[in-house]
Colleague: 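Can you read through this structure? Questions will come right after.
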Amino acid sequence: MRIDKLLANVGFGSRKDVKKLLKTGVVKADGEVIKDPKIHVNPDEQHVTVNGETIDYKEFIYLLMNKPAGYLSATEDDVQKTVIDLLEMEDAVYQPFPVGRLDKDTEGLLLLTNDGQLSHQLLSPKKHVPKTYFATILGEVTEEDITAFKKGVTLDDGYVTKPAKLEILTSGSQSTIHITITEGKYHQVKRMFEAVGKKVTYLKRIAMGPIILDEEELKVGEYRELTEDEVEELRQAQPINL
Ligand code: URA
């Protein structure tokens, strides 16, 4: 890849900015100064530095975030904060985007990547991987709700949901539950509970396909890169029938 493209990709500005930077002689590949923006380097094999600092180049970035409430699952917004605002500059330069959406008030597991192919694969209706949520519900969640969610419930727009697995953790005037769904309709979990006359008062995603949120490791608002094994597991993730 051309050195100017590589440096622009990791955040050294436009190609024009990079050209100026190269002229100053601070960029080296394997110890040799590179001034010509057209020179090709192989970031997997060559050691590229700028002012002596190693450039850790990768094409794709895969992040696992514990999303806080109050942030939009979007890459930009004129008024509101987005999950991208939570990223360090060194990660933001790869221009990752959220894989699907969590509502502004929903917390929990959110993947971010710039790998459009993997994102598409995880969200496409044919391959939709299961997603599990923890929720607090106003109202008593019952065995009938479990049966209704297994069959599919009719949302406010007439859509009948695919089978979902509902597990009651505690039941009372307030209940806590786990729910696993394989679709991603707008406000899906909230609307499913509305369909059975109940209200979600707190919602947190805890798993997506093979990736499980470990809240000891990642506090709300924190994120980390996925390991290569985790990315591979996501690539291999298969749709399931609930
Ligand atoms: N279902 C919802 O209602 N909201 C979310 O953020 C995710 C699933």
Colleague: For Arg2, which residues count as a side-chain contact (heavy atoms from CB on, under 4.5 Å) partner, sequence neighbours excluded?
Modeller: Asp4, Lys5, Arg15, Pro37, Lys38, His40
Colleague: Please check: side-chain N/O of Ser175 versus main-chain N/O of Val141, any donor-acceptor pairing under 3.5 Å?
Modeller: yes
Colleague: Answer yes or no for Lys198 and Phe193: cation-pi contact, defined as NZ/CZ to six-membered ring centre under 6.0 Å and angle to ring axis within 45°.
Modeller: no
Colleague: Look only at the side chain of Thr113 and the backbone of Ile61, and say whether a donor-acceptor pair between them is shorter than 3.5 Å.
Modeller: yes
Colleague: Determine whether His47 and Thr54 make a side-chain contact, defined as any pair of heavy atoms from C-beta on separated by less than 4.5 Å.
Modeller: yes
Colleague: Would a distance-only check, ignoring hydrogens and angles, find a side-chain to backbone donor-acceptor pair under 3.5 Å from Gln238 to Gln236?
Modeller: yes
Colleague: Report yes if the side chains of Asp91 and Tyr223 come closer than 4.5 Å at any heavy-atom pair, otherwise no.
Modeller: yes
Colleague: Which atom pairs, donor and acceptor, lie under 3.5 Å between side-chain atoms of residues 119-127 and protein residues at least two apart or in another chain?
Modeller:
| unit_1 | atom_1 | unit_2 | atom_2 | d |
| --- | --- | --- | --- | --- |
| Gln121 | NE2 | Arg235 | O | 2.7 |
| Ser124 | OG | Lys127 | N | 3.3 |

Colleague: Does Asp214 pair with Arg224 as a salt bridge, N-O distance under 4.0 Å?
Modeller: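 Not counted as a salt bridge, because no side-chain N and carboxylate O are separated by less than 4.0 Å.
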Colleague: Does any donor atom in the side chain of Thr201 or Thr136 lie under 3.5 Å from an acceptor atom in the other side chain?
Modeller: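 There is no such pair (donor and acceptor under 3.5 Å, judged by atom type) between the side chains of Thr201 and Thr136.
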Colleague: Please check: side-chain N/O of Glu232 versus main-chain N/O of Glu228, any donor-acceptor pairing under 3.5 Å?
Modeller: no
Colleague: Taking the basic N atoms (NZ, or NE/NH1/NH2) and the acidic carboxylate oxygens, is any pair closer than 4.0 Å for Asp157 and Lys185?
Modeller: no
Colleague: Would you kindly say whether Tyr57 and Asn9 are connected by a side-chain donor-acceptor distance under 3.5 Å?
Modeller: yes
